[in-house]
Amino acid sequence: MKIGIIGSGNMGGQIGRLWGLAGHEVMFSSRNPQKLLPLIDDLEAGQVGTVANAIEFGEVILLAINYWTIKEAIEPLRNSDKIIIDLTNPYKWSEKEGLERVIEEDTSGAETLHAELKTSVIIKAFSSHSADALAKHHSNPRISVLYTCNKKEGKTVAETLIKDRDIYVCFMEKDRTWTKPINLGDPVNTSANEGVPSISPDGKYMFFGREEQDGTGNIYWVSTEIIEQVRPAD
Ligand SMILES: NC(=O)c1ccc[n+]([C@@H]2O[C@H](COP(=O)([O-])OP(=O)(O)OC[C@H]3O[C@@H](n4cnc5c(N)ncnc54)[C@H](OP(=O)(O)O)[C@@H]3O)[C@@H](O)[C@H]2O)c1
């Protein structure tokens with residue numbers, strides 16, 4: 001999927017990287033794009049650009065900006081066919097006042113956004129998770145992400161981007177540090193969700209599970225030679 005990230009700070013930077021590592025094409029944006037280059041260092045299909053570039057690029061747009069800038073940021077999204085994922089919370093932080101709500105108590109950030117972008121597909125997700133928790137999403141137990149969406153066509157996109165998972169491998173270097181995770185690629189990883197890998201006691205086979213989009217699942221095996229094929233050259 002092509003995803004434009006609007007607001008590449010704690011949340012946008014973290015989630016955008018997870019999607020990039022999962023094989024999606026991601027463009028991070030900033031008012032100063034050059035400072036985002038470290039975010040795409042190890043991504044195969046990562047780019048940086050201005051907010052306008054990211055909106056043009058993405059079929060899906062992640063809104064991860066400070067809430068008080070939202071009106072300005074969504075202006076180019078009016079009447080567009082982009083699918084929007086909104087994780088903003090309607091609060092601002094000040095040293096003096098702490099967390100301060102910036103909209104009335106009897107409405108919500110989601111409701112306010114829907115009123116502004118009446119024709120858009122809008123998914124609300126991730127807003128109750130901290131950036132740190134998302135970074136540790138592989139931990140056990142895995143985190144649960146609730147989402148809501150105003151139109152049926154957004155449901156598949158939301159579930160794909162929340163659940164999307166592939167199998168990666170890390171190799172130990174000579175100095176006993178680990179390489180970055182490397183995607184095992186085809187034929188292990190597909191557009192479905194792969195996980196729970198285990199190696200047979202003789203080291204010859206890797207077994208893994210795959211959950212299809214329709215919720216059905218199965219167990220598969222491949223020769224562990226597939227792991228050697230992605231080992232980086234010395
Ligand atoms: N932090 C969390 O753990 C957490 C958890 C759940 C939800 N949230 C929500 O997520 C949203 C982002 O929080 P955050 O902690 O990621 O904030 P952050 O680290 O401050 O990042 C916000 C980004 O928004 C960009 N931005 C600011 N003004 C902008 C404008 N006028 N146009 C375009 N981009 C603009 C900034 O990018 P540039 O300065 O580079 O342009 C900045 O990198 C907030 O609504 C927050 O309530 C945060």
Side-chain angles (χ1 to χ4, degrees), residues 2-21 24 26-41 43 46-58 60-78 80 82-105 107-117 120 122-139 142-150 154 157-158 161-163:
K2 293 178 82 167
I3 309 168
I5 309 282
I6 313 301
S8 309
N10 292 317
M11 290 296 280
Q14 184 63 257
I15 298 181
R17 276 190 52 72
L18 291 173
W19 286 334
L21 288 167
H24 296 284
V26 179
M27 183 183 281
F28 295 95
S29 72
S30 165
R31 291 163 293 180
N32 174 14
Q34 291 306 307
K35 75 174 185 192
L36 301 179
L37 286 172
L39 286 176
I40 59 165
D41 225 14
L43 298 187
Q47 298 181 50
V48 299
T50 61
V51 174
N53 295 149
I55 289 176
E56 195 186 335
F57 173 85
V60 175
I61 303 295
L62 177 73
L63 273 185
I65 43 173
N66 309 110
Y67 192 83
W68 57 93
T69 65
I70 206 163
K71 276 218 162 181
E72 173 193 338
I74 63 174
E75 209 44 54
L77 291 168
R78 270 183 213 290
S80 81
K82 310 279 176 176
I83 295 178
I84 298 164
I85 302 181
D86 169 35
L87 61 68
T88 61
N89 285 320
Y91 291 91
K92 71 175 181 189
W93 168 261
S94 75
E95 287 295 332
K96 208 166 139 220
E97 308 288 342
L99 262 190
E100 201 183 325
R101 194 172 167 90
V102 293
I103 58 173
E104 298 299 324
E105 288 290 342
T107 184
S108 68
E111 218 175 335
T112 313
L113 190 63
H114 281 256
E116 293 285 342
L117 300 177
S120 301
I122 305 178
I123 298 159
K124 183 85 189 180
F126 305 111
S127 52
S128 55
H129 293 282
S130 70
D132 278 356
L134 292 167
K136 295 177 193 141
H137 73 293
H138 291 113
S139 56
R142 288 169 66 90
I143 61 170
S144 300
V145 176
L146 288 176
Y147 76 89
T148 60
C149 182
N150 60 340
V157 172
L161 290 176
I162 290 169
K163 293 205 293 190

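The chain is numbered in sequence order, starting from 1. Please read these numbers as outputs of a predicted model, since none were measured by experiment. We count ligands from 1, going down the list as the structure has it; atoms in each ligand are counted the same way.
Close approach of ligand 1 to Ser130 is summarised as follows: ligand atoms under 4.0 Å from at least one heavy atom of the residue are 3 (O). Taking a cut-off of under 4.0 Å to the non-hydrogen atoms of Thr88, the atoms of ligand 1 that pass are 45 (O). Each of the following atoms of ligand 1 lies closer than 4.0 Å to a heavy atom of Ser30: 38 (P), 40 (O), 41 (O). Near Lys35, meaning under 4.0 Å from any of its heavy atoms, are these atoms of ligand 1: 38 (P), 39 (O), 40 (O). If you number the atoms of ligand 1 from 1 as listed, the ones under 4.0 Å from a heavy atom of Gly9 come out as 16 (O), 19 (O), 21 (O), 43 (O). Per-residue contacts place Ala131 under 4.0 angstrom from the following atoms of ligand 1 (heavy atoms of the residue considered): 3 (O). Residue contact check: Ser127 has heavy atoms under 4.0 Å from atoms 6 (C), 7 (C) of ligand 1. Residue-ligand proximity, Gly7 to ligand 1, at heavy-atom distances under 4.0 Å covers atoms 23 (C), 24 (O), 25 (C).
For atom 45 (O) of ligand 1, the choice among Val51, Asn66, Ile65 with the nearest heavy atom turns out to be Ile65. The residue among Leu87, Ile6, Asp132 with a heavy atom at the shortest distance from atom 10 (O) of ligand 1 is Leu87. Around atom 29 (C) of ligand 1, the closest heavy atom drawn from Lys71, Met11, Gln14, Arg31 belongs to Arg31.
For Asp86 (side chain) and Lys124 (main-chain N/O), no donor-acceptor pair under 3.5 Å exists by modelled atom type.
For Glu72, every heavy-atom contact with ligand 1 shorter than 4.0 Å involves the side chain, none the backbone. Only the side chain of Thr69 comes within contact range of ligand 1, with a heavy atom under 4.0 Å; no backbone atom does.
Between Lys92 and Glu97 there is no salt bridge, since no side-chain N of the basic residue sits under 4.0 Å from a carboxylate O of the acidic one.
Considering only heavy atoms from C-beta on, Ile84 comes within 4.5 Å of Leu63 through its side chain.
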Run the side-chain hydrogen bond (donor to acceptor under 3.5 Å, both in side chains) test on Asp132 and Ser130 for me, step by step, so that the C-alpha distance in whole Å, both residues' side-chain angles and the decisive distance to 0.1 Å come before the verdict. CA-CA 5 Å; Asp132 278 356; Ser130 70; 5.3 Å; no
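Closest approach of Tyr147 and Ala125 over heavy atoms only: CB-CB, 3.8 Å. Taking all atoms of both residues into account, the shortest heavy-atom contact from Trp93 to Leu99 is CE3-N, 3.6 Å.
Distances shorter than 4.0 angstrom do not occur between any heavy atom of Ala73 and any atom of ligand 1. Within the 4.0 Å heavy-atom shell around ligand 1 one does not find Asn32.
Among all non-hydrogen protein atoms, the one lying nearest atom 5 (C) of ligand 1 is His129 O, 3.0 Å. Nearest protein heavy-atom neighbour of atom 19 (O) of ligand 1: Asn10 N, 2.9 Å. Scanning the protein for heavy atoms near atom 12 (C) of ligand 1, the closest one is Ala64 O, 3.3 Å. Nearest to atom 7 (C) of ligand 1 among the protein's heavy atoms is Asn89 ND2, 3.3 Å.
For CD of Glu56, the number of neighbouring non-hydrogen atoms (other residues, nucleotides, ligands) closer than 6.0 Å is 12 at most.
Counted by atom type alone, Thr69 and Asn66 present zero donor-acceptor pairs between their side chains at under 3.5 Å.
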Side-chain donor-acceptor pairs under 3.5 Å in residues 27-39, sequence neighbours left out?
residue: Ser29; atom: OG; partner: Ile5; partner atom: O; Å: 2.7
residue: Ser30; atom: OG; partner: Asn32; partner atom: N; Å: 2.8
residue: Ser30; atom: OG; partner: Asn32; partner atom: O; Å: 3.4

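In this structure, the separation between CZ on Arg78 and OG on Ser120 is 9.0 Å, given to the nearest 0.5 Å. For the atom pair CD1 (Ile85) and CD1 (Ile15), the distance works out to 8.0 Å, reported to the nearest 0.5 Å.
Listed by chain and number, the residues in a salt bridge (charged side-chain N to carboxylate O under 4.0 Å, His left out) with Glu105 are Arg101 (sequence neighbours excluded).
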